[in-house]
A.B. asks: 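Below is one structure. I have some questions about it.
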Amino acid sequence: NEVGKPIGDLLDGLYAITSSGLSGKEALDTLRIAAKSSAIGMGEVDVIAKTLTATINAYGKENITAEKAMNVFFNTAKLGAVDVKDLAPAMGRVIPIASAMGVSIDQVGGAVAAMSLQGIGASDAVTSLVSIMNAMLKPSGEAEKLLEGVGLSMEQVRKVARNDFSAAINLVSTAFKGNEAAISSVLGRVEGLKGFLAISGQNFERYSKIVHETGTEVQNFGKSFNEVGTTSAHKWDVFTAQLANIKLAIGEATIALIY
């Protein structure tokens, strides 16, 4: 047991993965990534596993792997001020709509990280992102009129967002010259405005930089696990996990003898 997780936790993770449609080597590879992520403090194995499989299913296994997704999540936490245990369940809420819009996981992670640096927690950041994306997908009549007044349409904004979500944010912000009232009317919900302001205007340059770093610093997750693996605390976790597994095996053997 290289990851220091009891067999029960691993089985819970594997169940979450196989229930989402992954199987064979792909399922085991995803479980290994989820378990390693849990070992470095990213949350419970089954919760991470659910988020990873949701990401793979949403973006397509031909476009993303569990390791790539986990690198993005790890970099999101590292580059932002995110409570890592809140990140996986929060990301699971925005991935479906982001993938449907064609917004990459790097862009999503970068936005969450940038918002967190403005004091917005992972859950609220995701709520803001979902609100912004919903406004782009289903604009109100008022939103379309306001955009038309500055020479834009929501269709144009969506096209830009598919290639670069951060550029779409900057496009709208620049067009309205940071007018919060107008932007609020375009977005339709206050939750969206809070997040929008955190990644636009004077905050845009930092957001753009974080987006780039979220997707390019892809070795951080593996490096962090390797560093954790050498610590006394992790070695103790491995020992206690092995002990728990032995107890489980003894318990099962006892039950078999009784029955």
Side-chain angles (χ1 to χ4, degrees), residues 51 54-64 68-69 72 76 90-116 118 120 122-216:
T51 303
T55 304
I56 293 169
N57 287 334
Y59 286 97
K61 59 183 71 176
E62 67 278 7
N63 298 315
I64 195 165
K68 163 63 177 175
V72 171
T76 298
M91 292 292 278
R93 292 193 289 112
V94 69
I95 285 167
I97 188 171
S99 62
M101 283 189 63
V103 176
S104 73
I105 192 68
D106 305 354
Q107 293 275 335
V108 173
V112 172
M115 288 182 192
S116 74
Q118 295 295 314
I120 303 175
S123 181
D124 287 343
V126 163
T127 298
S128 289
L129 274 177
V130 170
S131 181
I132 292 168
M133 291 178 185
N134 273 325
M136 290 181 178
L137 285 173
K138 300 175 182 178
S140 66
E142 182 184 8
E144 289 287 21
K145 287 181 181 179
L146 286 168
L147 287 167
E148 185 179 353
V150 292
L152 290 176
S153 71
M154 196 60 87
E155 183 179 0
Q156 288 176 287
V157 175
R158 284 195 299 270
K159 285 181 178 179
V160 173
R162 278 194 288 272
N163 292 319
D164 187 341
F165 185 75
S166 61
I169 295 294
N170 193 45
L171 176 66
V172 173
S173 177
T174 301
F176 286 104
K177 299 180 180 179
N179 185 322
E180 292 185 20
I183 293 171
S184 179
S185 295
V186 169
L187 296 177
R189 296 179 63 90
V190 67
E191 294 92 340
L193 179 63
K194 182 180 180 181
F196 187 98
L197 295 177
I199 56 177
S200 62
Q202 64 181 11
N203 299 316
F204 175 73
E205 186 175 347
R206 179 169 63 180
Y207 166 41
S208 182
K209 180 181 178 182
I210 288 173
V211 167
H212 174 71
E213 292 176 347
T214 301
T216 57

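Numbers for residues simply follow the sequence, beginning at 1. Side-chain atoms are counted along with the backbone in the values below, which use heavy atoms only and exclude waters and symmetry mates. Just so we're clear, the structure is a prediction, and the values are computed from it rather than from any experiment.
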A.B. asks: Considering non-hydrogen atoms only, spot the tightest contact between Ala114 and Tyr207 and give its length.
C.D. replies: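 Closest heavy-atom pair between Ala114 and Tyr207: CB-CD1, 3.8 Å.
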A.B. asks: Within the distance-only criterion (no hydrogens, no angle test), does the side chain of Gln107 pair as donor or acceptor with the backbone N or O of Ser104 below 3.5 angstrom?
C.D. replies: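 No; judged by distance alone, with no hydrogens or angles, the pair does not exist.
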A.B. asks: Is any side-chain heavy atom of Ile95 closer than 4.5 Å to a side-chain heavy atom of Val108?
C.D. replies: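 Not touching, per the 4.5 Å side-chain cut-off.
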A.B. asks: Working to the nearest 0.5 angstrom, can you tell me the gap between Ile64 CD1 and Ile105 CD1?
C.D. replies: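 CD1 of Ile105 is found 5.5 Å from CD1 of Ile64.
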A.B. asks: Between Val186 and Ala135, what is the shortest heavy-atom contact and its length?
C.D. replies: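 For Val186 versus Ala135, the nearest heavy atoms are O-CB, 4.0 Å.
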A.B. asks: Kindly indicate whether the side chain of Arg93, heavy atoms from C-beta on, has any atom under 4.5 Å from the side chain of Thr127.
C.D. replies: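 Result yes, sub-4.5 Å side-chain heavy-atom pair found.
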A.B. asks: Please check if the side chain of Ser99 supplies one atom and the backbone of Pro96 the other of a donor-acceptor pair under 3.5 Å.
C.D. replies: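 Pair found, side chain donor or acceptor close to backbone of Pro96.
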A.B. asks: How far apart are the closest heavy atoms of Gln156 and Gly151, and which atoms are they?
C.D. replies: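 Taking Gln156 first and Gly151 second, the nearest heavy atoms are OE1-O, 3.8 Å.
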A.B. asks: I need the minimum non-hydrogen distance between Ala168 and Met136, along with the two atoms involved.
C.D. replies: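 Scanning both residues, the minimum pair turns out to be CB-CE, 4.2 Å.
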A.B. asks: Using side chain to side chain donor-acceptor pair (under 3.5 Å) as the criterion, list what pairs up with Lys209, not counting sequence neighbours.
C.D. replies: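 Residues passing side chain to side chain donor-acceptor pair (under 3.5 Å) with Lys209: none at all.
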A.B. asks: If every non-hydrogen atom of Ile210 is compared with every non-hydrogen atom of Ala113, which pair is closest and at what distance?
C.D. replies: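 Answer, listing the atom of Ile210 first, then Ala113: CG2-CB, 3.8 Å.
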A.B. asks: So do the side chains of Ile132 and Ile169 get within less than 4.5 Å of each other, counting heavy atoms only?
C.D. replies: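 The answer is yes; the side chains approach within 4.5 Å.
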A.B. asks: I'd like a table of donor-acceptor pairs (distance under 3.5 Å, sequence neighbours excluded) in which one partner is a side-chain atom from residues 190-204, with atom names and distances.
C.D. replies:
{"from": "Glu191", "atom 1": "OE1", "to": "Arg189", "atom 2": "NE", "distance (Å)": "3.3"}
{"from": "Glu191", "atom 1": "OE2", "to": "Arg189", "atom 2": "NH2", "distance (Å)": "3.2"}
{"from": "Ser200", "atom 1": "OG", "to": "Phe196", "atom 2": "O", "distance (Å)": "2.7"}
{"from": "Asn203", "atom 1": "OD1", "to": "Gln118", "atom 2": "NE2", "distance (Å)": "3.4"}
{"from": "Asn203", "atom 1": "ND2", "to": "Leu197", "atom 2": "O", "distance (Å)": "3.0"}

A.B. asks: List the atom pairs, donor and acceptor, that lie under 3.5 Å between side-chain atoms in residues 140-148 and the rest of the protein, sequence neighbours left out.
C.D. replies:
{"from": "Ser140", "atom 1": "OG", "to": "Ala143", "atom 2": "N", "distance (Å)": "3.0"}
{"from": "Glu144", "atom 1": "OE1", "to": "Met154", "atom 2": "N", "distance (Å)": "3.3"}

A.B. asks: Arg158 and Pro139: which non-hydrogen atoms are nearest, and at how many Å?
C.D. replies: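 Looking at all heavy atoms of both residues, the shortest contact is NH1-CD, 4.0 Å.
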A.B. asks: Could you list the residues that satisfy side chain to side chain donor-acceptor pair (under 3.5 Å) with Ser166, not counting sequence neighbours?
C.D. replies: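 Side chain to side chain donor-acceptor pair (under 3.5 Å) list for Ser166, sorted by chain: Asp164.
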A.B. asks: So which pairs with a foot in residues 128-139 pass side chain to side chain donor-acceptor pair (under 3.5 Å), sequence neighbours left out?
C.D. replies: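 Checked against side chain to side chain donor-acceptor pair (under 3.5 Å) - neighbours excluded - no pair reaches residues 128-139.
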A.B. asks: When you compare the side chain of Asp106 with that of Lys68, does any pair of heavy atoms fall below 4.5 Å?
C.D. replies: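 Result yes, sub-4.5 Å side-chain heavy-atom pair found.
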A.B. asks: Taking only residues two or more places apart in sequence, or in another chain, which ones meet Ala90 in a side-chain contact (heavy atoms from CB on, under 4.5 Å)?
C.D. replies: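 Result, side-chain contact (heavy atoms from CB on, under 4.5 Å) vs Ala90: Ala122, Val126.
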